Amino acid sequence: MSLRSALRAQTADCHAAVDTLFGSFNLSRIQDYKAFLRAHARVVPAIEYALENGGIGRLLPDWPERRRAHLLAADIGELDDRLPVPLPQPALRCEAAVWGAAYVLEGSKLGGALLAKTVPDDLPSSYLSPQGPKGAIRLFMDRLDASKVDDPGAAVTAARDVFDLFLQAGQVELEAVP
């Protein structure tokens with residue numbers, strides 16, 4: 001079984017829970033949209049930093065173009081909202097864990113592209129809009145499939161941990177929506 005297949009199969013429940021929770025935000029309402037972005041801002045910068053500390057640059061030479069925390073901060077700033085305190089970053093202690101965390105962030109871009117269609121045109125949506133060179137997600141998946149990790153369980157654990165961070169952040173922000 002490829003690492004991608006293992007990640008997909010063993011995180012399907014987490015992925016579904018995150019999709020359900022974030023599907024509760026009505027992105028056509030500015031308050032919901034701000035809360036949605038704040039929830040992501042609690043997680044994305046910390047995960048990107050953890051990935052960098054874990055050596056993602058060796059695994060994905062185009063990593064700098066894949067980063068999105070700056071786009072998220074720009075959208076929040078344009079909405080005159082505040083950046084929240086990020087959740088603690090996970091320790092990604094091995095290559096497998098780096099791949100698992102990156103799998104969640106890269107996969108979130110696909111969902112973001114779909115969600116961007118529900119954001120009104122007058123609101124900033126650079127974070128949700130597709131970024132990077134054409135075929136970037138395919139390149140990521142090809143590299144993930146070609147990875148030779150010796151502990152797929154560490155990748156799955158890291159991915160589940162990142163999904164859990166998104167759930168925590170989403171719940172906090174959703175509860176605060178008026």
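Computation of the quantities below employed the complete heavy-atom set of this structure, encompassing side-chain atoms and omitting hydrogens, waters and symmetry-equivalent molecules. No experiment lies behind these values; they were computed from the predicted model shown.
- For the residue pair Ser126 / Ser129, no side-chain donor-acceptor distance below 3.5 Å is found, with atom types taken as modelled.
- Within a 6.0 Å sphere centred on CZ of Arg93, other residues, nucleotides and ligands contribute 12 heavy atoms or fewer.
- Residues Val44 and Val172 do not share a hydrophobic cluster, clusters being chains of Ile/Leu/Val/Met/Phe/Trp/Tyr side chains in contact below 4.5 Å.
- Using a 4.0 Å cut-off between charged side-chain N and carboxylate O, Arg42 and Glu173 make a salt bridge.
- Here SG of Cys14 is found 7.0 Å from CG of Leu167. Values are rounded to the nearest 0.5 Å.
- No chain of hydrophobic side-chain contacts below 4.5 Å, direct or via other Ile, Leu, Val, Met, Phe, Trp or Tyr residues, connects Leu139 to Leu59.
- Classification of Arg138 and Asp142 as a salt-bridged pair fails, no side-chain N sitting under 4.0 Å from a carboxylate O.
- Closest non-hydrogen pair, Val98 versus Gly54, comes out as CG2-O, 3.4 Å.
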Show your working on side chain to side chain contact (heavy atoms under 4.5 Å, CB included) between Arg29 and Val177 and close with a plain yes or no. CA-CA 10 Å; Arg29 288 186 58 230; Val177 173; 4.0 Å; yes
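- Sequence neighbours left out, the pairs with a member in residues 66-122 that pass ring pair (Phe, Tyr, Trp, His ring centres under 6.0 Å) are Trp99-Phe140.
- The side-chain heavy atoms of Pro86 and Val43, taken from C-beta on, include no pair separated by under 4.5 Å.
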Please walk me through it: do Asp81 and Lys34 pass salt bridge (Lys or Arg N to Asp or Glu O under 4.0 Å)? CA-CA 7 Å; Asp81 203 4; Lys34 286 179 176 182; 5.2 Å; no
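- For Asp122, the CG atom counts as densely surrounded, since its 6.0 Å shell holds more than 12 non-hydrogen atoms of other residues, nucleotides or ligands.
- When all heavy atoms of Ala6 and Val156 are compared, the closest pair comes out as O-CG2, 4.2 Å.
- With rounding to the nearest 0.5 angstrom, the CZ atom of Arg82 is 12.5 Å from the CG atom of Leu79.
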Step by step, work out the side chain to side chain contact (heavy atoms under 4.5 Å, CB included) result for Asn53 and Gln89. CA-CA 10 Å; Asn53 285 339; Gln89 66 171 311; 3.9 Å; yes
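- Residue pairs meeting the ring pair (Phe, Tyr, Trp, His ring centres under 6.0 Å) criterion with at least one partner in residues 156-178, sequence neighbours excluded, are His15-Phe163, His40-Phe166.
- Counted within 6.0 Å of CG on Asp19, heavy atoms from surrounding residues, nucleotides or ligands total more than 12; the atom is thus considered enclosed.
- Panel note: side chain Ser125, backbone Asp121; no donor-acceptor pair is recorded below 3.5 Å.
- In plain terms, the two heavy atoms of Leu87 and Ala46 that are nearest each other are O-CB, 3.5 Å.
- Residue Leu92 comes nearest to Ala97 through the heavy atom pair CD2-O, 3.9 Å, listed as atom of the first residue, atom of the second, then distance.
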Verdict with reasoning, Glu106 to Ile137, per side chain to side chain contact (heavy atoms under 4.5 Å, CB included): CA-CA 7 Å; Glu106 287 297 306; Ile137 193 70; 4.0 Å; yes
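- Counting only heavy atoms from C-beta outward, the side chains of Leu123 and Glu78 never approach each other to under 4.5 Å.
- Within the model, atoms OG of Ser2 and CG of Leu7 stand 8.5 Å from one another, a figure rounded to the nearest 0.5 Å.
- Of all non-hydrogen atoms in Leu51 and Ala101, the two that sit nearest each other are CD2-CB, 3.8 Å.
- By the criterion of side-chain heavy atoms lying less than 4.5 angstrom apart, applied directly or through intervening Ile, Leu, Val, Met, Phe, Trp or Tyr residues, Leu110 is grouped together with Met141 in one hydrophobic cluster.
- Taken from OG1 in Thr118 to CG in Leu128, the straight-line distance is 8.0 Å, to the nearest 0.5 Å.
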Audit row: Tyr33, Ser28, side chain to side chain contact (heavy atoms under 4.5 Å, CB included) steps and yes/no: CA-CA 7 Å; Tyr33 185 51; Ser28 65; over 6 Å; no
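- Here the OH atom belonging to Tyr127 is positioned 5.5 Å from the CG atom belonging to Leu72, to the nearest 0.5 angstrom.
- Ion pair Glu48/Arg66 not flagged as a salt bridge, since none of the NZ, NE, NH1 or NH2 atoms sits closer than 4.0 Å to an Asp/Glu carboxylate oxygen.
- How far CZ of Arg67 is from CD1 of Ile56: 11.5 Å, rounded to the nearest 0.5 Å.
- When all heavy atoms are compared, the tightest approach of Gly100 to Ala159 is O-CB, 3.4 Å.
- Checked by atom type, the side-chain pair Ser108/Arg68 shows a donor-acceptor distance below 3.5 Å.
- The aromatic ring centres of Phe22 and Phe36 sit less than 6.0 Å apart.
- Side-chain N or O atoms of Asp32 include one that pairs as donor or acceptor with a backbone N or O of Asn26 at under 3.5 Å.
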